[in-house]
**Student:** 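Below you will find the structure I want to go over with you.
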Amino acid sequence: LKFKRLIKEGKFAEAMDVAKQQVMDGAHVVDINVDDGMVDGMAAMAKFVKMAMTEPDICKVPMMIDSSKFDIVECGLKWCQGKAIANSISLKVGEELFIEHATLCKKHGAAIVVMAFDEKGQAATEAEKVRICKRSYDILIEKVHFPPEDIVFDPNILTIATGLAEHNNYGVDFINATKKIKELCPFAKISGGVSNLSFGFRGVNVIRESIHAVFLHKCCLESGMDMGIVNAHEMLALHEVEPTLRKLCEDVVMNKGEEATEALLERSMYEKEYMVAKKKGLPLPKKPRGKMPELSKSVRFSWQSDEKVQLTEPPAPTSDAARNKTPNTYKYDGLTHPLIVEARTNGTKGYKMDWSQPKNMYPVSPKHYVRGRDSLRKYITNLFTSEIAMYDGAMGTMIQKHKLEEEDYRGERFKNTEQLMKGNNDMLSVTQPDIIQGIYKQYLESGSNMIGTNTFSGTTIAQADYKLESLVYDINYHSARLAREACDEYTAKDPSNPRFVCGAIGPTNRTGSISPDVEDPAARNVTFDELVTAYYAQVVGLMDGGADILIVETIFDTLNAKAAVFAVGEYLEHTGLDIPLFISGTLVDQSGRTLSGQTGEAFYVSIRHAKPMCVGLNCALGAQQMAPFLERLSKCAECFVHVYSNAGLPNAMGGYDDTPADMARDNLGFAQKSLVNMMGGCCGSTPPHIKAIKAATRGIAPRPLPTLGKPKMWLSGLEDMVVDDLRNHLGLPFLNVGERCNLAGSLKFKRLI
């Protein structure tokens with residue numbers, strides 16, 4: 001009620017305190033629900049999530065974006081940089097819309113809560129709960145290809161002991177249904193609103209929490225329930241419940257006779273009278289719990305296995321093209337999706353868009369690659385498991401060596417424009433193509449297997465600073481084309497060492513997670529949808545220009561990265577192509593966190609749903625400073641891992657002092673520890689740096705792909721959280737979902753919102 005009041009009054013800063021308290025009290029995930037007829041749900045959800053993203057004490061844990069209206073859920077996901085749980089979707093809206101909702105959640109990388117509703121209504125009995133959940137599971141797995149470990153079923157915890165006999169078995173129905181659903185739906189989780197069970201005893205917390213303790217002990221340990229929306233601060237361990245009260249609660253929860261409800265109602269009246277009698281005195285202190293023993297679920301399901309599997313390739317996206325390793329045709333002129341056509345609007349007509357090669361151009365072998373004939377996903381897997389591949393180095397450092405002036409940036413095409421252009425390195429792909437292609441060739445000569453395009457700022461958002469939004473397609477197309485031509489030239493010299501173009505997608509100069517206004521934590525200068533639109537246009541230009549791979553790089557705000565991978569996913573869906581995706585994060589200092597506050601592990605979890613072939617770190621730090629964070633990322637990543645560090649830390653003049661020998665020495669340590677599959681350089685690095693790294697690491701085996709066990713629900717806020725490994729403050733293998741940021745769960749929150 002407190003949260004509800006705060007939200008209704010627009011006191012969002014005070015509502016943050018409610019969320020912080022939930023985390024302090026033991027909530028592993030914060031549930032945010034602002035549903036109320038007197039509240040603009042979209043605006044309230046967006047504002048609350050945006051503000052929460054700026055509060056480390058809140059956003060260090062994952063979020064549960066909760067609403068009965070899916071547009072509000074989607075709105076919340078667009079402002080959440082971590083991997084969240086979307087609560088909820090159901091078959092109540094029909095199968096077609098259910099699939100649409102699930103697909104959108106999947107694109108955002110969110111886990112989902114699926115309510116046990118269908119077109120006929122809410123499931124109340126055990127049989128109905130099982131039927132609807134199994135039907136939902138089959139649709140999600142077979143039609144949406146949703147990760148089963150990210151599916152959470154809520155089979156509806158309904159109120160018991162209401163005085164109506166037909167309600168008395170609701171607790172038993174849920175407990176039994178939980179076990180059956182877990183058996184029939186491998187790796188899925190079970191959740192529920194625990195406080196619903198005892199709603200008939202509202203106002204008598206000792207009764208309510210005792211009922212919850214009995215229910216959770218049975219449902220969690222004996223039937224496999226995984227999480228629930230609870231008030232963690234009020235939770236009791238089963239042994240803390242007074243023995244007589246415990247017996248009464250067990251009888252009610254398990255429906256052990258008609259007299260059970262009556263007996264508990266009588267005890268409830270006693271507790272009310274006790275509270276009245278003590279009202280004028282000081283409250284008794286709560287008995288300290290001390291360290292709780294960690295309990296394990298005694299239930300084991302037929303599908304559970306301790307078997308581990310050695311990966312031979314990174315987990316692939318769920319598209320048919322990726323799963324089947326269908327070769328990319330490299331023929332883009334036939335792509336006519338409206339968004340692709342729109343992205344090309346400002347491009348000069350007549351550009352080459354067919355980059356396919358004759359199928360007999362080079363031999364069929366693991367060492368050779370022909371565009372349109374061979375699967376790049378398969379080739380990269382073979383390359384990254386047989387040697388440490390080499391990426392390129394800094395583009396900006398090399399451009400600076402040319403000492404270009406304003407007129408050099410403008411070129412002939414923009415010589416009369418009023419806007420200053422010096423510093424807009426990306427436009428040089430249009431105005432100074434020989435310089436950019438020359439830099440590409442220097443890196444290829446130094447031994448790079450892959451080179452990144454000169455498109456770090458190649459979005460409409462970044463180019464707006466120069467009023468060159470209309471040049472974005474040309475920038476990306478020509479940057480990719482120049483790289484394509486350079487790579488083909490070097491591949492022709494040695495066809496057994498093919499070279500590849502990585503279409504570089506930078507972070508933009510705006511951030512979706514951080515407020516530009518210190519007075520307004522909910523303020524943003526860009527929306528998720530604006531980022532997606534900008535990134536999509538960039539992707540079209542890069543692919544039309546002949547890119548092989550897409551790399552989302554220098555990510556200091558994971559929400560920006562999620563928008564980028566969302567855009568890439570849309571492009572792949574619209575084209576039906578399989579384009580390998582690399583993602584590179586930036587940890588800004590020795591805290592080992594991104595600018596938006598995430599650890600490397602949390603960053604990986606947040607973009608893991610995109611199934612990148614390779615993930616890694618670049619920029620901000622030198623190799624020495626990056627070492628511990630790269631090691632942690634390498635331990636958790638299920639795909640290939642890369643690194644391209646700066647040439648040390650910047651000196652007083654903003655330059656970089658690490659010599660090629662310095663970088664080679666430090667990167668050799670990464671190779672010897674088997675941390676990476678690809679190396680390169682970032683700020684301050686040059687072709688001699690790349691050549692030295694390649695020479696130092698030649699012959700060292702790359703990082704092997706990991707051995708994986710069962711699928712796991714892996715969430716993230718500022719830090720990552722594996723739900724299956726969790727123990728709450730009572731020792732239960734149970735995830736506490738804080739309930740007080742829900743308008744129905746807190747009058748204060750409702751008022752504040």
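Please read these numbers as outputs of a predicted model, since none were measured by experiment.
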**Student:** Return the NZ to CD distance between K20 and E55, rounded to the nearest 0.5 Å.
**Tutor:**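 So the NZ of K20 and the CD of E55 are separated by 4.0 Å.
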
**Student:** Under a 3.5 Å cutoff, is there a donor and acceptor pairing between the side chains of S298 and E222?
**Tutor:**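 Side-chain D/A pair, S298 to E222: absent.
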
**Student:** As a quick check of understanding, evaluate salt bridge (charged side-chain N to carboxylate O under 4.0 Å, His left out) for R740 and D25, giving each step before the final call.
**Tutor:** CA-CA 11 Å; R740 292 307 190 197; D25 288 342; over 6 Å; no

**Student:** Within the structure provided, determine whether M721 and L735 are in side-chain contact (heavy-atom separation under 4.5 Å).
**Tutor:**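 In contact.
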
**Student:** Do S716 and S606 meet the criterion of a side-chain donor-acceptor pair at a distance under 3.5 Å?
**Tutor:**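 Yes.
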
**Student:** Looking at K189 and D724, is there a salt bridge between them, counting it only when a charged N and a carboxylate O are closer than 4.0 Å?
**Tutor:**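 Between K189 and D724 there is a salt bridge, with a charged N closer than 4.0 Å to a carboxylate O.
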
**Student:** I58 versus M63: any side-chain heavy-atom pair under 4.5 Å?
**Tutor:**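 Result yes, sub-4.5 Å side-chain heavy-atom pair found.
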
**Student:** Dump the intermediate steps for side-chain contact (heavy atoms from CB on, under 4.5 Å) on D35 and I72, then the final yes or no.
**Tutor:** CA-CA 9 Å; D35 287 354; I72 296 178; 4.0 Å; yes

**Student:** Please name the pair of heavy atoms, one in H28 and one in P62, separated by the smallest distance, quoted to 0.1 Å.
**Tutor:**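 Looks like O-CD, 3.4 Å.
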
**Student:** Applying ring-ring contact (aromatic ring centres under 6.0 Å, His included), name anything that partners Y170, two or more places apart in sequence or on another chain.
**Tutor:**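 Partners of Y170 by the ring-ring contact (aromatic ring centres under 6.0 Å, His included) criterion, ordered by chain and then number, come out as H167.
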
**Student:** Does the side chain of Q598 come under 3.5 Å of the side chain of T558 through a donor N or O and an acceptor N or O?
**Tutor:**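 Yes.
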
**Student:** Decide yes or no on salt bridge (charged side-chain N to carboxylate O under 4.0 Å, His left out) for D529 and K78, but give the supporting numbers first.
**Tutor:** CA-CA 8 Å; D529 290 337; K78 289 181 178 180; 2.7 Å; yes

**Student:** Quick one: SG on C249 to CG on L264, what's the gap to the nearest 0.5 Å?
**Tutor:**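 So the gap between those two atoms works out to 5.0 Å.
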
**Student:** Quick one: does V130's side chain get under 4.5 Å of I181's, heavy atoms only?
**Tutor:**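 Yes - at least one pair of side-chain heavy atoms lies under 4.5 Å apart.
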
**Student:** What do the steps show when you test D150 against K83 for salt bridge (charged side-chain N to carboxylate O under 4.0 Å, His left out), and what is the final call?
**Tutor:** CA-CA 10 Å; D150 282 350; K83 181 180 176 71; 2.8 Å; yes

**Student:** Using modelled atom types only, decide if a donor and an acceptor are shared between the side chain of E719 and the backbone of A602 within a distance under 3.5 Å.
**Tutor:**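 No; judged by distance alone, with no hydrogens or angles, the pair does not exist.
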
**Student:** Roughly how far, to the nearest 0.5 Å, is CH2 of W714 from CZ of R608?
**Tutor:**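 Atom-to-atom, R608:CZ and W714:CH2 are 6.0 Å apart.
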
**Student:** List the steps, then state whether side-chain contact (heavy atoms from CB on, under 4.5 Å) holds for N169 with I160.
**Tutor:** CA-CA 7 Å; N169 212 51; I160 58 174; over 6 Å; no

**Student:** State, to 0.1 Å, how close A232 and G26 come at their nearest heavy-atom pair, and which atoms those are.
**Tutor:**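 What the structure gives for the nearest pair is CB-C, 3.8 Å.
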
**Student:** How about F48 and W79: are their ring centres within less than 6.0 Å of each other?
**Tutor:**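 Between F48 and W79, the centre distance exceeds or equals 6.0 Å.
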
**Student:** Please find the pair of heavy atoms, one from S90 and one from M115, that lie closest to each other, and give the distance.
**Tutor:**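 Heavy atoms of S90 and M115 come nearest at CB-O, 3.6 Å.
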
**Student:** Between E119 and K92, is any pair of side-chain heavy atoms under 4.5 Å apart?
**Tutor:**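 Sidechains of K92 and E119: no contact.
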
**Student:** Please determine, by modelled atom types, if S223 and K180 share a side-chain donor-acceptor pair under 3.5 angstrom.
**Tutor:**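 No, no side-chain donor-acceptor contact under 3.5 Å.
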
**Student:** What is the minimum heavy-atom distance between S513 and T54, and which atoms define it?
**Tutor:**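 Closest approach of S513 to T54, heavy atoms only: O-CG2, 4.0 Å.
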
**Student:** Should I65 and N87 be marked as a side-chain contact (heavy atoms from CB on, under 4.5 Å) after you check the CA-CA gap, both sets of side-chain angles, and the distance that decides it?
**Tutor:** CA-CA 6 Å; I65 308 300; N87 184 10; over 6 Å; no

**Student:** Do other residues, nucleotides or ligands put more than 12 heavy atoms under 6.0 Å from M24 CE?
**Tutor:**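 Counting other residues, nucleotides and ligands, CE of M24 stays at 12 neighbours or fewer.
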
**Student:** Scan side-chain atoms only and decide if N736 and H729 contain a donor-acceptor pair under the 3.5 Å cut-off.
**Tutor:**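 Yes, because at least one side-chain N or O of N736 sits under 3.5 Å from a partner of the opposite role on H729.
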
**Student:** Taking the cut-offs as 6.0 angstrom to the six-membered ring centre and 45 degrees off its axis, would you call R267 and Y270 a cation-pi pair?
**Tutor:**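 Cation-pi check for R267 and Y270: fails.
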
**Student:** Enter the distance from L184:CG to R131:CZ here, rounded to the nearest 0.5 Å.
**Tutor:**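 Answer rounded to 0.5 Å: 13.5 Å.
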
**Student:** Find the distance between CG (D31) and CG (D66) and round it off to the nearest 0.5 Å.
**Tutor:**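 The distance works out to 4.0 Å.
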
**Student:** Taking NZ, NE, NH1 and NH2 as the nitrogens, is one of them in E250 or R246 under 4.0 Å from a carboxylate oxygen of the other?
**Tutor:**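 R246 and E250: salt-bridged.
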
**Student:** For L295, check side chain to side chain contact (heavy atoms under 4.5 Å, CB included) against everything at least two apart and list the hits.
**Tutor:**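 Side chain to side chain contact (heavy atoms under 4.5 Å, CB included) check on L295 returns H217, L221, L732, P733.
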
**Student:** Answer with yes or no whether the side chains of S191 and D154 bring together a donor and an acceptor at under 3.5 Å.
**Tutor:**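 No, S191 and D154 have no side-chain donor paired with an acceptor closer than 3.5 Å.
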
**Student:** Taking the ring of H108 and the ring of F528, is the distance between their centroids below 6.0 Å?
**Tutor:**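 For F528 and H108, the ring centres are under 6.0 Å apart.
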
**Student:** Does I85 reach the side chain of L715, with side-chain heavy atoms less than 4.5 Å apart?
**Tutor:**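 The answer is yes, as the side chains (C-beta and beyond) meet within the 4.5 Å cut-off.
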
**Student:** Are there over 12 heavy-atom neighbours, none belonging to K256, within less than 6.0 Å of that residue's NZ?
**Tutor:**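 Enclosed.
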
**Student:** Does the pair M713 and V722 meet the rule for a side-chain contact (heavy atoms from CB on, under 4.5 Å), with working shown?
**Tutor:** CA-CA 6 Å; M713 176 179 283; V722 178; over 6 Å; no

**Student:** Would you say that C220 contacts K297 through its side chain, given a criterion of any heavy-atom pair below 4.5 Å between the two side chains?
**Tutor:**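 Yes; the side chains approach each other to less than 4.5 Å.
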
**Student:** Just jot down the side chain to side chain contact (heavy atoms under 4.5 Å, CB included) partners of I139, sequence neighbours excluded, or say none.
**Tutor:**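 Counting only residues at least two positions away or on another chain, I139 forms a side chain to side chain contact (heavy atoms under 4.5 Å, CB included) with L91, E95, F98, I99, R135, K143.
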
**Student:** Check whether more than 12 heavy atoms from other residues, nucleotides or ligands sit under 6.0 Å from atom CZ of F199, and answer yes or no.
**Tutor:**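 Open: at most 12 neighbouring heavy atoms sit under 6.0 Å from CZ of F199.
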
**Student:** For S596 and D557, work out which heavy atoms get closest and say how close.
**Tutor:**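 Heavy-atom minimum between the residues: OG-CA, 3.4 Å.
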
**Student:** Distance-only, no hydrogens or angles: does the K129 side chain make a donor-acceptor pair with backbone N or O of N156 under 3.5 Å?
**Tutor:**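 Yes, the answer is positive, given that a donor and an acceptor are paired below the 3.5 Å cut-off.
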
**Student:** Take a 6.0 Å sphere around CD of E166 and say whether it holds more than 12 heavy atoms from other residues, nucleotides or ligands.
**Tutor:**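 Yes, because the 6.0 Å sphere around CD of E166 holds more than 12 heavy atoms from other groups.
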
**Student:** Show your reasoning for whether salt bridge (charged side-chain N to carboxylate O under 4.0 Å, His left out) applies to K107 and E570.
**Tutor:** CA-CA 9 Å; K107 288 180 178 180; E570 293 291 277; 2.4 Å; yes

**Student:** Has D138 got a side-chain atom pairing as donor or acceptor with I141's backbone, closer than 3.5 angstrom?
**Tutor:**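 No; zero donor-acceptor contacts below 3.5 Å.
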
**Student:** Within this structure, what is the CG-NZ distance for the pair D725 and K712, rounded to the nearest 0.5 Å?
**Tutor:**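 Output value for this atom pair is 7.0 Å.
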
**Student:** A cation-pi test, strictly: NZ or CZ of K106 under 6.0 Å from the centre of the six-membered ring of F146 and no more than 45 degrees from its axis. Yes or no?
**Tutor:**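 Verdict for F146: no cation-pi partner in K106.
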
**Student:** When you compare the side chains of H212 and S195, does any donor N or O come within less than 3.5 Å of an acceptor on the partner?
**Tutor:**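 S195 and H212 do not have a side-chain donor-acceptor pair below 3.5 Å.
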
**Student:** Less than 4.5 Å apart, side chain to side chain, heavy atoms only: is that true for I190 and F174?
**Tutor:**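 When only atoms from C-beta onward are counted, F174 and I190 do touch, with a gap below 4.5 Å.
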
**Student:** Between V172 and N176, is there a side-chain heavy-atom distance shorter than 4.5 Å?
**Tutor:**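 They are in contact (side-chain heavy atoms under 4.5 Å apart), so the answer is yes.
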
**Student:** Which heavy atom in F734 sits nearest to a heavy atom in M235, and how many Å separate them?
**Tutor:**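 Nearest pair, atom of F734 first, then M235: CE2-CE, 4.1 Å.
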
